[in-house]
Structure formats: C-alpha cells, structure tokens
Amino acid sequence: MPGRRPGGNDRGASLAEPGRDRLDLKSKVPEAVVRASTLTEQVYLKLREGLLLGVWKPGEKLTARALSRTLGVSLTPAREAITRLATEGAISVSETRMYSIPELDRAQYEEITRIRLQLEPMAAAMAARNATDALVERLDDINEGLKARILAEDFDEGLRLDSEFHLSVYDAAGSAVLRRLIDTLWLQIGPTRTRLLPEYRRKLIGYENHRNVIDALRRHDEPAAQRAMHKDLTEGANAIISVLV
C-alpha cells in the first residue's frame with residue numbers, strides 16, 4: 001500500500017506463545033538458513049519453513065512484534081520477512097494491514113490439490129530413479145517416527161514428520177524447478193493440512209501409503225512410486241476436503 005511502511009501495524013492477536021517452541025532460529029535450522037546472507041533472509045526462510053511444515057493453523061494471526069520476540073530478532077527483519085511472504089501469497093493481509101495464515105475453502109483446496117496431483121507423483125517417480133540406500137533408510141526412519149507420534153497422539157509432531165517425508169522425497173527428485181513449484185503450493189496448503197482429523201490419522205493410512213512409496217523407491221520402480229504418491233495425496237486430500245466448506 002503506497003505511503004505505508006510494510007508491516008508497520010502490529011495490532012491484534014499476537015503469535016501464540018507455543019510458537020516460541022515451534023519456531024526457533026537455533027533449532028532445526030535448514031542449511032539454507034545457515035547460509036543466508038542477511039538476518040531478514042534467515043527470518044524469511046525460517047518463517048517459510050514453518051508454513052511448509054504446518055507450524056501455524058489457518059486463521060492464526062501473525063505480527064512482526066511477536067515474530068521478532070519468538071526468534072530473538074529486531075522488528076525490521078521480522079516485518080520484511082512477513083511482507084515478502086505476503087507478497088508471495090503465503091500470508092494473508094487485511095485492509096488494515098493485519099497479517100494472518102490463509103484459510104482456504106473447499107474450492108481453493110481442491111484446485112491446489114488437482115495441481116499437486118500432477119506435480120508430486122512426478123517428483124516421486126523421479127526420486128525413484130535417483131534413490132539411494134541412504135535416502136530409503138532415512139525415509140523409513142521418518143515414517144516410523146510418524147507412526148510413533150500418531151500412536152502417542154502427538155499429531156502436531158506427526159504432521160511435521162509427514163511433511164518432512166514428502167519434502168525429502170521431492171528433494172530426491174533432483175529438480176530445483178519442480179521443487180520450487182511444489183513449495184509454492186505447499187506454502188498455501190501447509191496450514192490447512194492441520195485440519196486433518198485425528199480419526200483419519202489414527203488409522204495410519206498415511207503411514208501405510210508411505211511404506212508403499214518407500215518400497216517403490218527401494219526397487220527404483222518409477223511407475224509404482226508415482227501411483228503410491230498419487231494414492232497418498234488423494235486419500236489425505238479427500239479427508240481434509242470433507243471438513244472444509
């Protein structure tokens with residue numbers, strides 16, 4: 001908005017205090033954050049990672065002041081990072097310059113899902129071509145961790161591990177262009193994935209689908225990897241769509 005300082009209004013609900021544990025520049029910092037040339041870039045990458053992993057829930061408010069406290073940085077890099085993600089469509093901005101996590105309706109989620117079903121199974125097939133024993137072992141560890149967290153009813157950590165599983169597969173595709181396209185979609189749907197009901201998660205449907213993906217990658221079976229990922233996305237998306245309006 002011309003004449004207004006980006007992110008200058010910090011009124012409204014602040015980032016929930018649990019965010020201090022959920023988002024920390026010193027913990028689980030991706031390599032890209034460590035290499036970032038500026039503090040603003042570090043905050044941007046960490047905030048972006050949180051959106052990809054579903055750290056925040058749809059409708060949750062974001063303020064630069066709360067984010068700066070959570071990450072232990074000044075207001076300026078927090079404002080700039082939020083403004084950048086808002087420009088990219090990953091964060092909603094109201095007419096009064098209030099920032100919040102987007103709330104997708106059913107039509108929006110269905111549209112994004114249709115595009116995901118074209119890109120992500122393709123990435124899984126490419127990953128099967130490139131898969132190493134180390135990747136398969138890592139994915140198996142992540143998936144078993146996912147199962148353990150679901151059985152412990154720790155659904156937030158389960159969702160983080162589910163996201164880590166998928167994004168690790170897409171990294172293994174070896175295509176920076178494809179990964180950027182997938183990330184663009186995940187930035188929009190990451191928070192909405194928190195709407196997945198506990199009843200669905202307790203059935204371990206995602207865990208079993210992941211086992212099929214892992215098996216396909218282990219055998220370098222590209223069509224099987226593509227089918228397994230398509231099935232996993234379809235079933236999970238249908239469960240989320242059923243609770244959206």
Side-chain angles (χ1 to χ4, degrees), residues 6-7 13 15-16 19 22-23 30 32-33 41 43-64 67 78-95 97-124 155-156 158-171 173 175-197 200-201 206 229-230 232-245:
L15 191 66
R22 294 179 296 173
L23 197 68
V33 172
E41 186 72 8
V43 175
Y44 165 80
L45 288 171
K46 196 60 184 175
L47 182 53
R48 186 176 184 275
E49 179 195 30
L51 291 167
L52 287 173
L53 297 179
V55 166
W56 292 283
K57 293 177 171 56
E60 193 169 350
K61 299 295 188 295
L62 284 176
T63 71
L67 183 63
R79 284 192 186 112
E80 291 175 349
I82 291 174
T83 301
R84 181 174 169 185
L85 282 161
T87 301
E88 295 174 0
I91 293 175
S92 298
V93 189
S94 71
E95 292 182 358
R97 301 296 293 174
M98 295 294 296
Y99 296 101
S100 62
I101 303 303
E103 296 184 83
L104 301 181
D105 60 27
R106 178 178 294 193
Q108 291 170 318
Y109 197 87
E110 286 178 337
E111 180 180 12
I112 294 172
T113 297
R114 285 194 293 271
I115 302 171
R116 291 181 64 205
L117 286 172
Q118 297 299 314
L119 299 180
E120 295 176 41
M122 179 197 309
F155 297 124
D156 286 345
L159 180 63
R160 189 194 69 77
L161 289 168
D162 181 80
S163 301
E164 184 179 350
F165 179 92
H166 281 266
L167 296 177
S168 296
V169 171
Y170 307 150
D171 274 340
S175 171
V177 173
L178 183 55
R179 177 60 198 268
R180 281 197 298 272
L181 291 171
I182 290 172
D183 277 5
T184 298
L185 300 174
W186 271 62
L187 283 171
Q188 297 176 66
I189 59 93
T192 306
R193 295 178 70 241
T194 63
R195 301 289 300 275
L196 198 60
L197 295 175
Y200 177 88
R201 303 191 201 197
M229 186 61 75
H230 191 284
D232 185 41
L233 296 180
T234 299
E235 292 179 347
N238 285 342
I240 292 173
I241 288 168
S242 69
V243 303
L244 297 179
V245 295

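Just so you know, these numbers use all the heavy atoms, side chains as well, and skip hydrogens, waters and symmetry mates. Fair warning: this is a prediction, and the values are worked out from it, not measured in the lab.
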Once rounded to the nearest 0.5 Å, what's the spacing between atom [atom1] of [X] and atom [atom2] of [Y]?
| X | Y | atom1 | atom2 | value |
| --- | --- | --- | --- | --- |
| Leu181 | Leu119 | CG | CG | 6.0 Å |
| Arg116 | Thr234 | CZ | OG1 | 9.5 Å |
| Asp156 | Leu161 | CG | CG | 11.0 Å |
| Lys46 | Leu67 | NZ | CG | 12.0 Å |
| Ile240 | Ile189 | CD1 | CD1 | 7.0 Å |
| Glu120 | Tyr170 | CD | OH | 3.5 Å |

Considering all heavy atoms of both residues, which atom of [X] and which atom of [Y] are nearest to each other, and what is their separation?
| X | Y | value |
| --- | --- | --- |
| Ala64 | Arg79 | CB-CG, 3.3 Å |
| Leu51 | Pro191 | O-CD, 3.8 Å |
| Thr194 | Pro58 | OG1-CD, 3.4 Å |
| Ile91 | Ser100 | CG2-O, 3.3 Å |
| Arg179 | Leu167 | NH1-O, 3.5 Å |
| Leu244 | Leu104 | CD2-O, 4.0 Å |

Side-chain contact, heavy-atom cut-off 4.5 Å: [X] with [Y]?
| X | Y | result |
| --- | --- | --- |
| Ile101 | Lys57 | no |
| Leu47 | Ile82 | yes |
| Asp232 | His166 | yes |
| Thr184 | Glu88 | no |
| Val93 | Met98 | no |

- Message: Applying side-chain hydrogen bond (donor to acceptor under 3.5 Å, both in side chains) as the test, list every pair that has at least one member in residues 101-115; sequence neighbours left out.
- Response: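 Sorted pair list comes back empty.
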
- [ ] State whether the side chain of Arg160 and the backbone N or O of Gly54 hold a donor-acceptor pair below 3.5 Å, judged by distance alone.
- [x]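 It does not hold such a pair.
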
Would you check if the side chain of Asp162 reaches a backbone N or O of Gly158 as a donor-acceptor pair within less than 3.5 Å?
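Side chain of Asp162 to backbone of Gly158: no pair is present.
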
**Request:** Mind running side-chain contact (heavy atoms from CB on, under 4.5 Å) on Tyr99 and Thr83 for me, showing each step along the way?
**Result:** CA-CA 9 Å; Tyr99 296 101; Thr83 301; 3.5 Å; yes

Cation-pi check, Arg84 to Tyr44: give yes when NZ or CZ is under 6.0 Å from the six-membered ring centre and within 45° of the ring axis, no otherwise.
->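 Yes, Arg84 lies over the aromatic ring of Tyr44.
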
Practice item. Could you walk me through whether Glu80 and Val43 pass the side-chain contact (heavy atoms from CB on, under 4.5 Å) test, one step at a time? Key: CA-CA 9 Å; Glu80 291 175 349; Val43 175; over 6 Å; no

query: So, Ser163 versus Arg193: side-chain donor-acceptor pair below 3.5 Å or not?
result: yes

